[in-house]
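Every heavy atom of this structure was used, including side-chain atoms; hydrogens, water molecules and symmetry mates were not. Predicted model only: the values in this text are computed from it and were never measured.
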Amino acid sequence: MGFNMKIFHCFFIFLLLPLLLLPSLALNNDGVLLLSFKYSILSDPLSVLQSWNYDEETPCQWYGVTCNEIGMVTSLVLPNSQLLGSISEDIGHIQHLHHLDLSSNFFNGTLPSSIFNSTELQVLSLGGNVISGELPETIAGMASLQILNLSDNALAGKIPQNLTLLQNLTVVSLRGNYFSGDVPSGFDPVELLDLSSNLLNGTLPLDFGGGNLGLLNLSYNKISGSISPEFADKVPHNATIDLSFNNLTGAIPESLVNQKMDSFYGNVDLCGKPLKNPCSIPSTLSTPPNMSQSISPAIAVIPKPIDSTLGEPNNKVQTQARRSLNPGTIAAIAVADLAGLSIIAMVILYVYQLKKRNGLHTQSTTSNLEKKPDVNPVSTLMPSSCSSCMKIKLVETSETASSDSELEEKNQDFNVSPAEAYQKGGKLVIVNQGNEQLELETLLKASAYVLGTSGSSIVYKAVLENGTAFAVRRIGDSSVARLKDFESQVRGIAKLKHPNLVKLVGFYWGNDEKLVIYDFVSNGSLGCSSYSKYRTPPYLSVLPLS
């Protein structure tokens with residue numbers, strides 16, 4: 001009997017031991033919260049979250065995760081990972097999280113309210129996403145916060161005034177959003193403050209603070225009023241300030257004359273150094289030389305009688321002036337003015353007719369050159385073979401055959417090369433890695449061949465001196481008014497990868513021209529013609545380029 005009991009006890013312990021060890025092998029609470037964040041992700045094209053699963057006791061070996069010595073998560077860093085989805089509320093429940101960096105992804109939705117209850121969070125970097133909503137007042141509870149980066153999102157509303165109560169805050173970047181209202185005051189501990197490219201209005205606060213600032217950027221807003229000496233004196237002498245492209249007026253305080261001229265551009269009514277627009281000196285009233293010092297001011301302003309001795313010279317002058325301006329003289333002046341206006345109108349009309357005649361002559365010359373097989377294709381921007389392709393394409397896209405005059409008129413509307421567009425001035429931005437060496441001067445020297453047209457757009461094949469070819473699309477009227485919005489949308493599109501999508505190299509932003517640059521793909525790769533690939537690819541439907 002005793003032997004049987006021992007066997008039963010051993011068998012019971014053998015069955016119970018795995019159950020006792022099971023809790024120690026389970027994933028801890030921080031890992032469960034991170035898995036909840038993973039399941040809120042809709043797309044992970046780089047598979048950065050592939051190693052996140054329930055097989056481990058702690059998430060300390062997961063990609064982007066850092067833990068302390070007892071296995072508690074302290075850092076989650078996943079920038080530039082192409083993650084698409086919303087930020088889970090469970091992220092804010094990680095108790096000892098110090099560093100959260102999810103910048104340059106495709107996160108949307110609003111900011112999770114649980115993040116603002118993280119009293120130990122020191123770095124919050126969510127810039128370069130599509131996060132909307134407002135920045136809540138509860139941000140004042142993040143007592144340990146040192147770096148706040150919410151730039152280049154779609155946040156709106158007013159900047160919370162109690163943001164300045166965070167005594168450990170040293171870096172604040174809220175640029176590229178839609179914040180409105182006044183500029184908050186009391187940024188005493190902050191060393192870098194970037195509120196540029198928003199909709200801030202009102203005036204610069206007198207109690208702004210900023211005694212520790214090294215960089216202050218308030219450019220591209222709607223701030224009005226003057227730059228008060230109280231505001232300027234609080235900013236350190238060696239700090240860099242950018243107040244460009246606002247509605248500021250008046251004189252620049254002397255304490256800011258050491259700043260660059262670019263820091264004040266775009267404020268039409270701003271004057272003084274370092275601008276080249278000097279402030280006007282107000283005139284002062286002086287005492288007339290013939291007025292006695294003993295005359296009372298009240299008596300001095302009384303007008304003198306007409307027949308007084310001192311008034312006789314003035315009366316004679318006025319009488320002579322009236323006599324000289326008789327009706328005949330006035331009529332002669334009016335006739336002379338009308339004659340002068342008529343002459344000016346005739347000159348303008350003559351110049352217009354001359355330019356119009358020269359334009360018709362240039363167009364006829366270009367038409368004759370296209371018919372000659374020995375014309376240099378680079379000088380005309382359209383060789384004979386490409387010209388025939390151009391005309392065939394125009395005939396195919398129309399339901400009925402068009403006449404030669406209609407084709408010539410249509411070619412004249414789009415006879416603008418990329419080189420001519422670049423010469424108007426602007427900015428060339430390269431968004432694809434591997435093409436950083438492409439420069440504006442190189443494109444100016446490229447040979448251009450017209451591939452096709454559609455509406456107000458035209459596509460060229462640009463061949464560089466080294467033989468490299470690009471497809472350049474000239475955009476007509478664009479609904480995108482700001483360079484920042486255009487660049488943000490183009491960069492978002494450039495991140496999309498698909499075998500049937502042409503790679504986007506960069507774009508050119510000018511005052512009158514906007515160009516999009518693609519890799520050139522030869523005939524038969526993605527479409528039946530060399531132009532169909534670049535007309536309006538499916539993924540450009542999300543970008544209002546034309």
Side-chain angles (χ1 to χ4, degrees), residues 201 222-227 244-252 261 264-293 295-366 405 409 412-413 415-416 420-421 423-426 456 476-478 481 510-513:
N201 47 32
K222 299 181 179 180
I223 304 173
S224 59
S226 62
I227 307 175
S244 59
F245 296 97
N246 281 283
N247 299 320
L248 296 172
T249 60
I252 300 174
M261 190 184 305
F264 304 99
Y265 277 160
N267 297 280
V268 180
D269 297 325
L270 207 58
C271 64
K273 294 183 178 180
L275 294 176
K276 296 182 180 180
N277 179 27
C279 298
S280 59
I281 301 175
S283 60
T284 57
L285 295 176
S286 58
T287 303
N290 295 331
M291 184 173 291
S292 174
Q293 297 294 332
I295 299 177
S296 172
I299 300 176
V301 297
I302 298 176
K304 294 183 179 296
I306 297 177
D307 57 349
S308 62
T309 305
L310 293 177
E312 289 179 358
N314 293 333
N315 293 335
K316 293 179 180 180
V317 172
Q318 294 176 0
T319 303
Q320 294 175 358
R322 288 194 209 99
R323 291 177 180 175
S324 60
L325 294 178
N326 52 48
T329 304
I330 295 175
I333 294 175
V335 172
D337 290 340
L338 291 175
L341 292 176
S342 301
I343 294 174
I344 294 174
M346 293 176 62
V347 171
I348 294 175
L349 181 60
Y350 173 75
V351 172
Y352 172 76
Q353 293 293 339
L354 183 61
K355 288 186 176 180
K356 185 176 180 180
R357 191 180 305 113
N358 291 337
L360 293 176
H361 176 70
T362 303
Q363 292 171 1
S364 62
T365 304
T366 304
S405 60
E409 185 178 18
Q412 291 172 3
D413 293 339
N415 192 17
V416 180
E420 293 172 344
Q423 291 173 353
K424 295 183 180 181
S456 60
D477 297 334
S478 174
N511 295 330
D512 299 323
E513 296 289 340

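- Of all the heavy atoms in L275 and F264, the pair that sits closest is CD2-CB, 4.0 Å.
- Among all heavy-atom pairs drawn from C279 and G272, the shortest one is SG-N, 3.4 Å.
- A heavy-atom distance below 4.5 Å is not found between the side chains of N277 and L270.
- Considering only heavy atoms from C-beta on, N246 stays 4.5 Å or farther from K222 through its side chain.
- Put simply, CG on L248 and OG on S224 are 7.5 Å apart, with the number rounded to the nearest 0.5 Å.
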